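To find a chain, count down the sequence lines: A is the first, B the second, and so on, and within it residues start at 1. Being a predicted model, the structure only gives us computed values, none of them experimental.
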Amino acid sequence: MRRVTIYDSMSRATRIFAPMQPPRVGLYVCGLTPYAPAHVGHGRTFVIFDMVARALRRWGYRVFYVQNVTNLDDKLIARAAAENDDPLALAERHFAGFLRSMERLGARSVNYYPFATDYVPEILEQVKGLVDRGYAYVADDGSVYFEVAKFARYGALSGQKVEALKPGARVEVDPRKRAPEDFVIWKAATPGEPSWESPWGPGRPGWHIEDTAMTGRLFGAKYDLHGGGLDLNFPHHEAEIALSESATGLAPMVEYWMHSGLVAMTGEKMSKSIGNVSSLEQAIDDFGPGVLRLYYLNASYRSPVDFVPGKSLEEAREAYGRLSAPADRIAEILERDGPDRAGDPLPKELEEAAERLVDDLDTTLANDFNSREAIALLFGWARRLAEILPQIERLDGAGLTALAAPYAWATETLGLFERTPGARSGGWATVVPLLLAARARARARGDYAESDRIRDELRAAGVEVEDGADGSAWQFADAK
RNA sequence: GCCGAGGUGGCAGAAUGGUUAAUGCGACGGACUGCAGAUCCGUUUCCUGGGGGUUCGAUUCCCUCCCUCGGCUCCA
């Protein structure tokens with residue numbers, strides 16, 4: 001296992017990562033409330049933690065990655081009522097859309113997506129325990145609140161002092177609370193809502209406790225790594241700590257806290273409730289998963305980024321094209337001729353450089369997941385390969401594979417340069433070269449009208465032709 | 001008001017107590033091309049929000065101020 005450092009938001013310091021039971025790592029990331037389609041901001045958070053899980057796994061850690069789904073809450077209920085739909089069905093539908101986007105983005109490292117409503121028994125058990133131990137109280141209507149004053153460490157994560165809070169700054173103060181900082185862990189049901197029986201009458205889970213009930217069940221009282229968007233730091237993560245540590249009597253609930261920076265939409269936070277969102281699915285449609293992942297990972301995961309429509313992803317697309325060009329060329333040759341292809345052996349110097357680079361990439365990323373610096377190293381490699389492209393075309397299969405090793409590294413850890421195998425197979429691989437050969441003959445005899453006609457027809461069929469010194473190359477227009 | 005995260009070239013965005021502060025985008029010049037596109041090469045060098053301090057030396061450590069964004073009890 002490689003030495004990994006992580007910036008821990010609790011201690012506000014970069015610490016050496018030491019899981020409790022190596023090589024096992026329990027990773028919990030706050031997922032989303034699927035009451036509307038996911039936006040570009042959500043994509044960033046989940047691509048970032050996908051990278052974290054991928055990298056840790058590469059380095060020998062056995063990561064169990066859990067990401068919850070809040071499939072029942074006030075917003076879902078309100079939205080469902082507005083659309084005359086069932087809240088659970090609405091959540092199911094939007095979650096399916098979210099999963100599809102994640103799949104397309106290559107964010108496949110989550111082992112388990114628990115649904116809140118599947119953990120009602122665990123939630124009720126935890127609520128009961130908190131009431132019995134005096135940490136929570138029951139209001140007249142049957143709602144149960146956690147009493148923040150009973151938990152001395154409250155505020156440790158966010159630095160917030162209870163007395164300095166400004167009640168009602170954004171959310172209405174609930175009159176059933178004893179103190180404004182208390183938060184609901186079990187909500188008495190209103191007629192028509194999904195509800196479960198409880199010792200305090202029918203109700204449904206509060207938000208914060210859903211996570212601690214899940215992690216308590218799946219990881220126990222303490223686990224290694226907790227992630228989420230920076231906006232969840234307070235109150236949500238603070239509440240999780242209070243709930244879990246009060247319920248179990250064991251602290252700390254989690255050893256390392258990671259918070260990912262938010263995506264702003266031209267200066268203001270992208271948020272479903274504000275409405276200034278840019279659809280994730282649409283972005284994937286327009287630019288492809290690789291461009292989007294490059295955009296996300298091309299900055300420190302902690303820093304805020306500004307999403308400028310018409311600019312951010314366009315720039316990432318240019319960069320991605322340049323970065324992936326040599327890898328694409330190598331992959332094309334290997335797909336065409338196979339890994340045993342005959343050719344020149346790779347010069348020792350390049351072989352060693354590739355090996356050294358992969359090691360540097362690991363070291364760089366292991367430094368608090370510095371994906372931006374790793375990408376800078378990859379650009380250096382892309383430039384080096386571009387300079388010797390004619391030489392590359394003559395290499396044997398082993399040499400090509402060795403040269404592509406840094407790209408394979410990036411695919412494994414960053415999820416970049418994923419190729420859809422066989423994209424150019426089938427009839428295209430036969431027909432296009434025949435047409436290009438005909439076009440080459442036309443050009444040789446100076447019949448440019450015929451040459452351009454063939455190029456136009458190919459373009460109409462979605463094939464881009466590029467003339468170079470060594471003949472004409474082609475690719476599908478949508479593969480860029 | 002309080003808490004948190006940020007402030008680096010035209011733009012995006014890294015890094016380090018010490019040679020020219022990465023990398024990308026853009027722009028400009030060149031190569032290649034029948035043309036176009038794509039690609040490749042080169043150029044574009046800001047001394048790091050303001051002020052103070054520590055140090056032989058700070059963008060980096062400390063203090064202070066300013067600005068932006070986020071949070072202040074169900075936002076990734």
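Contact annotation: T33(A) reaches the phosphate of A76(B) (side-chain N/O to OP1 or OP2, under 4.0 Å). Between K311(A) and C25(B) there is no side-chain polar atom (N or O) within less than 4.0 angstrom of OP1 or OP2. Using a 4.0 Å cut-off, no side-chain N or O of N298(A) falls inside it from OP1 or OP2 of A12(B). Here R302(A) reaches the OP1 or OP2 of G6(B): one of its side-chain N or O atoms lies under 4.0 Å away. For the OP1/OP2 pair of C25(B) and a distance below 4.0 Å, the side-chain nitrogens and oxygens of Y320(A) include no atom meeting the criterion. OP1 or OP2 of A76(B) has not a single side-chain nitrogen or oxygen of K269(A) nearer than 4.0 Å.
Using a 4.0 Å heavy-atom criterion, one finds that V263(A) contacts the bases of the nucleic acid, with or without backbone contacts as well. Within the nucleic acid shown, G43(A) has no heavy atom closer than 4.0 Å to any nucleic acid atom. Among the heavy atoms of the strands, none lies under 4.0 Å from D174(A). In this structure, L165(A) reaches the bases: a heavy-atom distance under 4.0 Å links it to at least one base atom across the strands shown. Across all strands shown, E163(A) has no heavy atoms under 4.0 Å from either base or sugar-phosphate atoms. Using a 4.0 Å heavy-atom cutoff across all strands shown, S300(A) reaches sugar-phosphate atoms only and no base atom. Using a 4.0 Å heavy-atom distance criterion, F379(A) is classed as a sugar-phosphate-only contact. If you check every strand for non-hydrogen atoms under 4.0 Å, A299(A) touches sugar and phosphate atoms only. Backbone-only contact: G159(A) has heavy atoms under 4.0 Å from sugar-phosphate atoms and none from a base. Residue E318(A) is in sugar-phosphate contact alone, with no base atom involved, counting any heavy-atom pair closer than 4.0 Å across all strands shown. Residue R453(A) is classed as having no contact, given no heavy-atom separation below 4.0 Å to the nucleic acid. Residue L232(A) is classed as a sugar-phosphate contact, given heavy-atom separations below 4.0 Å to backbone atoms only. Looking at heavy-atom distances under 4.0 Å, S303(A) makes contact with sugar-phosphate atoms alone, never a base. Within the nucleic acid shown, N233(A) has no heavy atom closer than 4.0 Å to any nucleic acid atom.
Under the 3.5 Å distance criterion, with hydrogens and angles disregarded, a donor-acceptor pair is assigned to the side chains of D362(A) and W409(A). With 3.5 Å as the limit, one finds no donor-acceptor pair spanning the side chains of T14(A) and D368(A). When only modelled atom types and interatomic distance are considered, Y119(A) and N68(A) share no side-chain donor-acceptor pair under 3.5 Å. Side-chain polar atoms of S158(A) and N233(A) form no donor-acceptor pair below 3.5 angstrom. Using modelled atom types and a 3.5 Å distance limit, the side chains of T364(A) and N367(A) yield no donor-acceptor pair. Between the side chains of H208(A) and H237(A), not a single donor N or O lies within less than 3.5 Å of an accepting N or O. Looking only at atom types and distance, the side chain of Y448(A) has no donor-acceptor partner in the side chain of R443(A) under 3.5 Å away.
Pairing partner, A14(B): none, since no Watson-Crick or wobble contact has both distances short of 3.5 Å. U73(B) makes up no base pair with any nucleotide shown, lacking Watson-Crick or G-U wobble contacts both under 3.5 Å. The partner of G34(B) is absent, by the rule that a Watson-Crick or G-U pair needs both atom distances under 3.5 Å. Judged by Watson-Crick or G-U wobble contacts below 3.5 Å, the nucleotide G26(B) has U44(B) as its partner.
Going from atom CG of L262(A) over to atom P of U68(B) covers 18 Å, rounded to whole Å. Protein atom CG of L385(A) is 15 Å distant from nucleotide atom P of U39(B), rounded to whole Å. In this structure, L230(A) atom CG and A76(B) atom C1' are separated by 10 Å, rounded to whole Å. As a whole-Å value, the separation of L157(A) CG from G70(B) P is 20 Å. In this structure, R293(A) atom CZ and G24(B) atom C1' are separated by 19 Å, rounded to whole Å. Taking atom OH on Y301(A) and atom C1' on A14(B), their separation rounds to 15 Å, with Å as the unit. In this structure, R383(A) atom CZ and G42(B) atom C1' are separated by 12 Å, rounded to whole Å. With rounding to whole Å, N68(A) atom CG is found 10 Å from A76(B) atom P.
A donor-acceptor contact under 3.5 Å is formed by the side chain of R455(A) with the base of C35(B). No N or O donor and acceptor, one from the side chain of Y145(A) and one from the base of U73(B), sit under 3.5 Å apart. Side-chain atoms of R372(A) stay outside donor-acceptor range of the base of A15(B), with no qualifying N/O pair under 3.5 Å. No donor-acceptor contact under 3.5 Å links the side chain of S9(A) to the base of G4(B). One can find a donor-acceptor pair under 3.5 Å joining the base of G24(B) and the side-chain atoms of E315(A). Between the base of G34(B) and the side chain of D452(A) there is a donor-acceptor pair shorter than 3.5 Å.
Here, G26(B) and G10(B) have their C1' atoms 8 Å apart, quoted to the whole Å. The same atom, C1', is picked in G7(B) and in G13(B); the two are 13 Å apart, to the nearest Å. A15(B) and U60(B) have their C1' atoms separated by 9 Å, given to the nearest Å. Across the P atoms, U43(B) and U54(B) are found 41 Å apart, a figure rounded to whole Å. Comparing A21(B) with U64(B), their C1' atoms sit 26 Å apart, to the nearest whole Å. When the C1' atom is used for both C63(B) and U68(B), the distance is 22 Å, rounded to whole Å. Rounded to whole Å, the P atom of C11(B) lies 13 Å from the corresponding atom of C46(B). Comparing the P positions of G24(B) and C41(B) gives a spacing of 10 Å, expressed to the nearest Å.
Aromatic ring centres of Y320(A) and F417(A): separated by under 6.0 Å. Under the 6.0 Å cut-off for aromatic ring centres, Y7(A) and Y256(A) do not qualify, their centroids lying 6.0 Å or more apart.
Ranking G4(B), A15(B), G34(B) by closeness to the R12(A) side chain, first place goes to G4(B).
Taking a cutoff of 4.0 Å between a charged side-chain nitrogen and a carboxylate oxygen, D74(A) and R204(A) qualify as a salt bridge.
Y448(A) qualifies as a stacking partner of the G34(B) base, centre to centre under 5.5 Å and near-parallel within 30°.
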